[in-house]
**Q** 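Take a look at the following structure, please.
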Amino acid sequence: MNLLSIGTNHRTAPVDIREQLYFTEKELDGAYNALLKKYGFKEAVIISTCNRTEIYTVADPFTMRYGDLFDFIVDRKGTREFTKPEYFYRQFASGAANHLFRVASGIDSMIIGDIQILAQIKDAYYNAEQKKTTGFLTNRLFHTAFRVGKRTRTETEIGEGAVSISYAAVELANKIFADLSKKRALLIGAGETGELTAKHLKSKGIGELLVTNRTRKRSEELVNRIGGRVVEFEHFLEELGKCDIVISSISADEHIIKAPMMHDVMKRRGAEPLFIIDIGVPRNVDPACNKYESVFLHDIDSLQNIIDKNLSKRKAEIPKIEKIILEELQGLFQWYKSLQLNPTISDLRQMFEFIREAEVEKHINRFNEADREMVELVTKRIVNKLLHTPMTTLRMSNGDPQDDTLSHISSIRKLFGLERKE
Amino acid sequence: MDTIVDILNILLPLLYGGLLYLYGQSFFKSVSRTNKIKTVMLAATVLIHLMYLLFRTVLFNPPPITTPFEIMTVIAFCIALAYLYIEVISKVHGTGMFVLIPAFLFQVISSLFIRDLGQVPEVLQSNLLGFHVTSALLGYTAIAVGAMYGILYLMLYHDIKSNHFSVIYKRLPNLEILESMSFRSTLFGFIFLSIAIVVGLIWLPIAFGQIFYSDPKLIGTMFIWMLYAVGLVSKKLAGWHGRKIVVLYVSGFIVALFSITFVNFFFSSFHQFY
């Protein structure tokens, strides 16, 4: 298998290098053109995200060189002076396929189980397909990678559980409340994590979102971005009694919600649960508020606790995923092996012979005893003649790298339904 | 019909065991694909169990409530029925394992020791009594299921409150759903307990002629009934909910358990038949 790949990711190169090696959509046009025309690769797919740039190519077995791929990247991106060769990993055949499958499954990601990467690989592949740089090998390789990605998500729990503060907060809200659309949330402060949490709550259909901040302008800007209603900072305590979820991420030297204040709030709320997410550092909410039976107060540490547990659960899934990858690798190589010439010729011959025998057997009784031998002979001859030209052409092209023998074999197997034998 | 009853007697523990396996899988491995199969299998098991109870009634007449082992199979049936109702209403599939453990155990013990009927005390040969016992059992099992959901609520509550995010946190539905399941089940149980009390009070003078209103069993039962009545009414009127009311459901069940075991065996003057 003349599959050759090169790549760099968060483990092999620092972020400032990865940034420089990122291919924009516009740059990809010219890049594909150069890979095929200038460097002579037969097929190519470039995956480029903020964490990785990887190129998968099918090369000519007699002339392929990793150096070509390295040169291609550094020349294209103009980073030769500061890009060291050790920033890259280089893989061949099953190593390259194995690596791609690991990436597609999410176990090679910075955050294990990241679901975005599969979509990014799909985009990269369809982009290459549009530019007509994919071929019979990359097609098969990438579709197998998509299957690996899909299987890891349906057969394992690699993508389960929140792994960011904002998602952990929303996950926790979903463990307290049955229906977020009937709940009201209050966001205090306009910090990034607070905003993200509010955004996730919005996407989960929170009934109403109130936003408050010391500077009204910042609240208004936030409301314009994600929706909701602005509340004056001086009046937020009055709203507290009417809210079910409070996200606080303001920078303040002392607690902005103190335990005695909660007394009135809880009087008003009765036994209705109040979920307070305190992501301010230093903390915005007096920890003593948690003593109220229906107050669920969680700070950044307890959310981090959820994340750590989820991450270790994801890590525990890796052996299952490696098993899936191995199965798919075996499938891929079995398919590839079937593309050899001799097995295909013998499969094809067997199939023709099978049809001939079946037809002869069905109709043989219509012939005299004396003619039967003749029927056998004639039908055999027809089969041989039908097969003669395609077989000769295939045999002649075998071993000639300029001819896409594998591609022809692949087509023949597909056309005559020989793939089922794989 | 004898053979059918015998076959069903062997089949039922196997069916409950199978259900337990399916629900256990979905709790520990969260296999959601089997949700539909589980509900259908549960409904089928309940139906087969009902047939078994009917066949037994026809075969041995009176209804199967005359020996402890007969009662146990009826309890298993009631638990499964009460849980089926909750699952269909709430569409929450993750908690079945907890409910089906007692159902499975009751059925296994019953299947092992149950015998064809011999002598039945005359006082027990009454259809009115059958009605009384069936609704009492249905009522008790429903409040037991309610208490079970209450306990799950308290476990999840503790997990969230104390930042201890265990497998309970991962697999259980949210607090509001657990509370409403606990409430629904308890309400269902309360209704059947009320029916059982009314029918019992009608049957009592018929069976014994003389009525013992000061009997510990009667007092205990009325106390439990009042406890639940107060709980359910205060939820409606005073807007009680959350942890407080769940604790009430659970303690109501503990008192009830005490009443049907301890009080029954040691103090009751008339409510002892076995």
Side-chain angles (χ1 to χ4, degrees), chain A residues 153-157 159-162 168-183 204 244 266-278 287 289-314 316-317 320, chain B residues 25-35 86 89-92 94-95 149-150 152-184 231 234-249:
Chain A
R153 266 145 202 95
T154 51
E155 294 173 28
T156 76
E157 294 182 28
E160 299 270 307
V170 175
E171 190 185 280
L172 199 47
N174 273 321
K175 283 289 166 185
I176 297 171
F177 304 109
D179 186 358
L180 288 180
S181 71
K182 290 178 187 149
K183 305 294 168 192
K204 293 277 173 191
D244 307 284
M266 293 324 287
K267 215 170 183 181
R268 199 144 148 211
R269 293 188 63 78
E272 291 287 342
L274 173 62
F275 175 34
I276 306 176
I277 307 146
D278 180 3
C289 294
N290 206 28
K291 72 175 182 206
Y292 290 92
E293 203 173 270
S294 44
V295 171
F296 299 93
L297 170 62
H298 290 272
D299 58 22
I300 205 135
D301 279 358
S302 74
L303 295 175
Q304 190 59 46
N305 188 7
I306 298 184
I307 294 172
D308 291 345
K309 289 205 167 164
N310 286 340
L311 275 177
S312 63
K313 265 179 216 142
R314 285 185 178 199
E317 294 292 289
K320 275 191 220 163
Chain B
Q25 279 246 313
S26 90
F27 182 77
F28 288 110
K29 299 194 175 153
S30 84
V31 195
S32 54
R33 275 169 292 168
T34 54
N35 272 347
I86 290 173
I89 294 275
S90 68
K91 299 198 170 50
V92 171
T95 53
Y149 277 107
L152 290 179
Y153 174 98
L154 294 175
M155 283 160 79
L156 180 60
Y157 176 89
H158 178 261
D159 252 30
I160 295 179
K161 196 83 176 164
S162 63
N163 292 334
H164 182 79
F165 305 103
S166 65
V167 67
I168 295 279
Y169 170 79
K170 190 147 175 58
R171 299 282 186 241
L172 285 186
N174 54 65
L175 287 175
E176 282 188 344
I177 282 192
L178 287 174
E179 187 191 333
S180 97
M181 284 164 107
S182 182
F183 167 70
R184 278 187 184 134
S234 63
K235 181 180 168 70
K236 204 82 208 146
L237 296 184
W240 268 32
H241 64 112
R243 189 171 171 271
K244 218 176 271 171
I245 197 123
V246 170
V247 169
L248 190 97
Y249 297 152

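Heavy-atom basis, side chains included; hydrogens, waters and symmetry copies ignored. A, B, ... follow the sequence lines: proteins, then strands. Residue 1 opens every chain. Note that the structure is predicted; figures quoted are calculated from it, not measured.
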**Q** Let me know if A:Asn174 has heavy atoms under 4.5 Å from chain B in its side chain, its backbone, both or neither.
**A** backbone

**Q** Of the backbone (N, CA, C, O) and the side chain (C-beta and beyond), which part of A:Lys175 lies under 4.5 Å from a heavy atom of chain B, both, or neither?
**A** both

**Q** Which residue out of A:Ile306, A:Asn305, A:Val295, A:Asn310 racks up the most heavy-atom pairs below 4.5 Å with chain B?
**A** A:Ile306

**Q** With chain B as the partner, which of A:Ala178, A:Ser294, A:Gly270, A:Ala271 has the greatest number of non-hydrogen pairs under 4.5 Å?
**A**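 Looking at each of A:Ala178, A:Ser294, A:Gly270, A:Ala271 in turn, A:Ala178 comes out on top.
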
**Q** Students often mix this up, so state it plainly: with edges at 30° and 60°, are the rings of A:His298 and B:Phe165 parallel, tilted or perpendicular?
**A**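 The rings of A:His298 and B:Phe165 sit tilted, inter-plane angle from 30° to 60°.
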
**Q** What part of A:Asp179 is in contact with chain B, defined as an atom under 4.5 angstrom from a non-hydrogen atom: side chain, backbone, both or neither?
**A** backbone

**Q** Tell me, out of B:Ile177, B:Leu178, B:Asn163, who's got the most heavy-atom pairs with chain A below 4.5 Å.
**A** B:Asn163

**Q** Please find the pair of heavy atoms, one from B:Ile160 and one from A:Ile176, that lie closest to each other, and give the distance.
**A** CD1-CG1, 4.0 Å

**Q** What I want to find out is whether A:Lys182 reaches B:Glu176 closely enough, with some N-O distance under 4.0 Å, to be called a salt bridge.
**A** no

**Q** Using non-hydrogen atoms and a 4.5 Å limit, figure out which bit of A:Leu172 sits close to chain B: side chain, backbone, both or neither.
**A** both

**Q** Rounded to the nearest 0.5 Å, how far does NZ of A:Lys291 lie from NZ of B:Lys161?
**A**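 Separation between the atoms: 11.0 Å.
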
